[in-house]
Undergrad: 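Have a look at the structure that comes next, please.
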Amino acid sequence: MKDFFKTLQFKILVGVLVVLAGVMTYAAANGRLTAAPQELLGAAAVPFQKLAAAISNAGTQLADRYIHIDEILEENEQLKQENEQLREQMVDYDTIKAENEQLREAWGIKEENPSYEMINANVIGRDALEKYYAFTIDKGEKDGVSVKDCVIGTKGIVGRVVETGPNWAKVTTILDPSVSVGAIISRTRDSGLVGGDNLYALDKKCTMTLLSRDTLASKGDTVVTTGLGGVFPKNLIIGTIEDILPEASGTSMYAVIEPIEDVESIRMVMVITDFDETQTEIPSTPASDSEPQTADESTSTPDASQTDTAQQSGTDTGADTAAATDPNQQNDTADGQ
């Protein structure tokens with residue numbers, strides 16, 4: 001028994017009794033002796049009540065999820081459909097906007113060239129291995145598209161149709177060496193042929209050949225079509241000159257051309273199915289001086305007074321020559337004398 005009073009349990013018991021005695025003394029002094037046990041029990045029960053409430057709330061939420069899972073899944077599916085519809089509407093909006101812009105620009109081209117019969121088309125396919133950036137469009141024979149039809153963008157030449165189907169057509173670009181376009185430099189009026197070149201096709205450039213060695217063309221000059229050949233209408237922009245270089249033969253020059261249209265990324269084009277070829281004019285290549293037309297007129301058209309003088313001089317000279325060479329005439333003259 002004596003050993004019990006020395007144990008830790010006894011000390012704890014004494015401590016608890018002392019605390020209870022102190023609490024009861026404090027409660028008695030403040031008139032709350034009867035409520036003290038309830039307050040102690042309430043304070044001890046608060047943590048357990050919080051834990052029970054948390055467990056209850058979690059259980060309720062979990063039960064609600066399982067009970068309303070069908071409604072939640074249906075709502076999520078509806079939201080997904082609405083998002084997909086919104087995406088499609090945005091795509092349709094962008095497509096319609098681009099088509100309207102193209103139609104507006106096509107209408108402007110049509111107003112400037114009323115003889116053009118044009119069809120708007122979208123690029124629907126490209127060959128990844130095609131080094132000249134040929135592509136397929138969504139218009140074909142039933143739309144009036146034919147082989148060799150000219151294909152343009154909103155700025156200028158793109159290429160020509162090389163193959164057709166009922167509702168599709170294949171277009172080769174100006175970078176293809178098989179394409180040859182009669183062209184003229186708008187500033188200097190030098191004429192030549194524009195076509196693709198394997199050396200420059202990788203850089204998305206083409207060349208203009210058959211330029212004279214004394215050409216006055218320079219970087220930045222605009223190159224347009226002449227209309228010769230009946231495939232490409234005249235005055236369509238092909239591109240701008242990047243450089244002027246001598247041919248390997250040394251007898252002529254050629255120009256490196258930057259096409260006006262980006263044939264690699266173009267998405268919408270216009271096919272010219274018909275145009276008035278009678279409007280085609282053959283350009284003249286001027287001399288190298290600053291006023292070629294004046295020079296041509298001055299050298300090719302003689303002055304009227306000079307012509308009359310030359311004719312009179314030629315007549316007199318002819319008469320004198322005849323008299324000098326005719327012996328009978330000489331004898332008659334001598335007899336008369």
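Everything numeric here is computed off the predicted structure, so don't read it as measured data.
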Undergrad: Kindly compute the distance separating CZ (Arg189) from CG (Leu216), expressed to the nearest 0.5 Å.
TA: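 Here the interatomic distance stands at 13.5 Å.
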Undergrad: Would you indicate whether Glu141, at its atom CD, is surrounded by more than 12 heavy atoms from other residues, nucleotides or ligands within a distance under 6.0 Å?
TA: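 Result for CD/Glu141: enclosed.
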Undergrad: Ignoring hydrogens and angles, tell me if any N or O in the side chain of Asp176 forms a donor-acceptor pair with the backbone of Ser178 under 3.5 Å.
TA: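 A pair under 3.5 Å: yes.
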Undergrad: Measuring from atom CD1 of Ile266 to atom OH of Tyr133, what distance do you get when rounded to the nearest 0.5 angstrom?
TA: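 So the CD1 of Ile266 and the OH of Tyr133 are separated by 14.0 Å.
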Undergrad: Applying side-chain contact (heavy atoms from CB on, under 4.5 Å) to Thr172 and Val179, what does each step give before you reach the verdict?
TA: CA-CA 8 Å; Thr172 190; Val179 177; 3.7 Å; yes
Undergrad: Scan side-chain atoms only and decide if Thr209 and Thr207 contain a donor-acceptor pair under the 3.5 Å cut-off.
TA: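 Short answer, no.
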Undergrad: Do Tyr254 and Leu211 have side chains that approach each other closer than 4.5 Å (heavy atoms only, starting at C-beta)?
TA: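 They are not in contact (no side-chain heavy atoms under 4.5 Å apart), so the answer is no.
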Undergrad: Has the side chain of Glu258 got a donor or acceptor atom that lies under 3.5 Å from a matching backbone atom of Ile241?
TA: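 Answer holds: no.
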Undergrad: Under a 4.5 Å cut-off applied to non-hydrogen side-chain atoms, are Val194 and Phe232 in contact?
TA: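 Val194 vs Phe232: side chains apart.
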Undergrad: Assess the residue pair Val181 and Leu193 against the criterion (side-chain contact (heavy atoms from CB on, under 4.5 Å)); give the C-alpha distance rounded to whole Å, side-chain angles, the decisive distance to 0.1 Å, and a yes or no.
TA: CA-CA 6 Å; Val181 185; Leu193 292 177; over 6 Å; no
Undergrad: Write down the atom of Leu175, the atom of Cys206, and the distance for their closest heavy-atom approach.
TA: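 Heavy atoms only, the tightest pair is CD2-N, 4.1 Å.
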Undergrad: Provide the closest heavy-atom pair for Glu261 versus Ile157 in the form atom of the first, atom of the second, distance.
TA: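 Result for this residue pair: CG-O, 3.7 Å.
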Undergrad: Check each of Asp143, Asn120, Val171, Val145 against Val271 using the side-chain contact (heavy atoms from CB on, under 4.5 Å) test, and report the only one that passes.
TA: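 Of all the options given, the one that passes is Val145.
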Undergrad: Check Ala255 against Ile244 and note the closest heavy-atom contact, atom names and distance.
TA: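 Nearest pair, atom of Ala255 first, then Ile244: CB-CD1, 3.5 Å.
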Undergrad: What is the distance from atom CD1 of Ile137 to atom CE of Met270, rounded to the nearest 0.5 Å?
TA: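 Output value for this atom pair is 11.5 Å.
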Undergrad: Are the side chain of Thr173 and the backbone N or O of Gly159 linked by a donor-acceptor pair below 3.5 Å?
TA: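 No, because the side chain of Thr173 does not come within donor-acceptor range (under 3.5 Å) of the backbone of Gly159.
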Undergrad: Could you check whether any side-chain N or O of Asn113 sits under 3.5 Å from a backbone N or O of Ser115, counting only pairs where one atom can act as donor and the other as acceptor?
TA: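 Looks like no, no N/O pair under 3.5 Å.
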Undergrad: Of the non-hydrogen atoms in Glu264 and Arg267, which two are nearest, and what is the gap between them?
TA: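 Nearest pair, atom of Glu264 first, then Arg267: O-NH1, 4.2 Å.
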Undergrad: Taking Pro233's backbone N and O only, do any of them form a donor-acceptor pair with Thr225's side chain (distance below 3.5 Å, no angle check)?
TA: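 Confirmed, Thr225 side chain pairs with Pro233 backbone.
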Undergrad: Using the test salt bridge (Lys or Arg N to Asp or Glu O under 4.0 Å), find all partners of Arg187 that sit at least two apart in sequence or belong to another chain.
TA: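 By the salt bridge (Lys or Arg N to Asp or Glu O under 4.0 Å) rule, Arg187 matches Asp221.
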Undergrad: Walk me through it: do Ile119 and Thr273 pass the test side-chain contact (heavy atoms from CB on, under 4.5 Å)?
TA: CA-CA 7 Å; Ile119 298 173; Thr273 59; 3.6 Å; yes
Undergrad: May I ask you to test the Val224-Ile238 pair for a side-chain heavy-atom distance under 4.5 Å?
TA: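 A side-chain contact under 4.5 Å is absent here.
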Undergrad: For Ala217, does its backbone N or O pair with a side-chain atom of Thr215 as donor and acceptor, under 3.5 Å?
TA: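 Answer holds: yes.
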Undergrad: Ignoring hydrogens, what is the shortest heavy-atom contact between Thr164 and Ser146? Give both atom names and the distance.
TA: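 Between these two residues, the closest heavy atoms are CG2-C, 3.9 Å.
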Undergrad: Check Arg213 against Thr251 and note the closest heavy-atom contact, atom names and distance.
TA: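 Taking every non-hydrogen atom into account, CG-O, 3.4 Å.
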Undergrad: Where do Val123 and Met268 land on the side-chain contact (heavy atoms from CB on, under 4.5 Å) test, with the steps shown first?
TA: CA-CA 6 Å; Val123 177; Met268 290 183 291; over 6 Å; no
Undergrad: Mind checking the NZ-CG spacing from Lys139 to Asp149? Nearest 0.5 Å is all I need.
TA: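 The NZ atom of Lys139 sits 14.0 Å away from the CG atom of Asp149.
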Undergrad: Are Val151 and Val161 close enough that some pair of their side-chain heavy atoms sits under 4.5 Å apart?
TA: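 Yes, their side chains come closer than 4.5 Å.
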Undergrad: Rounded to the nearest 0.5 Å, what's the gap from CD on Gln85 to CE on Met90? Could you check?
TA: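 That separation rounds to 14.5 Å.
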Undergrad: Which of these, Ile257, Ile237, Ile260, Thr240, sits in a side-chain contact (heavy atoms from CB on, under 4.5 Å) with Val223?
TA: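 With Val223 as partner, side-chain contact (heavy atoms from CB on, under 4.5 Å) holds for just one option, Ile257.
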Undergrad: Is the backbone N or O of Tyr132 less than 3.5 Å from a side-chain atom of Glu130, with the two atoms forming a donor-acceptor pair by type?
TA: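 Yes.
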Undergrad: Going through the distances and angles, do Lys204 and Asp262 end up as a salt bridge (Lys or Arg N to Asp or Glu O under 4.0 Å)?
TA: CA-CA 8 Å; Lys204 295 187 291 184; Asp262 186 356; 3.6 Å; yes
Undergrad: Working to the nearest 0.5 angstrom, can you tell me the gap between Ser186 OG and Asn235 CG?
TA: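 Atom-to-atom, Ser186:OG and Asn235:CG are 9.5 Å apart.
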Undergrad: Are Lys205 and Glu242 side-chain neighbours, meaning at least one heavy-atom pair lies under 4.5 Å?
TA: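 SC-SC contact between Lys205 and Glu242 confirmed.
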Undergrad: So, the side chain of Arg160 versus the backbone of Ile174: is there a donor-acceptor pair under 3.5 Å, distance only?
TA: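 Side chain of Arg160 to backbone of Ile174, a donor-acceptor pair under 3.5 Å: no, none is there.
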Undergrad: Any side-chain heavy-atom pair from Val162 and Val147 closer than 4.5 angstrom?
TA: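 Val162 vs Val147: side chains apart.
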Undergrad: Do Pro166 and Trp168 make a side-chain contact, defined as non-hydrogen atoms from C-beta onward lying under 4.5 Å apart?
TA: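 Yes, side chains in contact.
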Undergrad: Do Asn198 and Pro177 make a side-chain contact, defined as non-hydrogen atoms from C-beta onward lying under 4.5 Å apart?
TA: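 A side-chain contact exists here, since the closest heavy-atom pair is under 4.5 Å.
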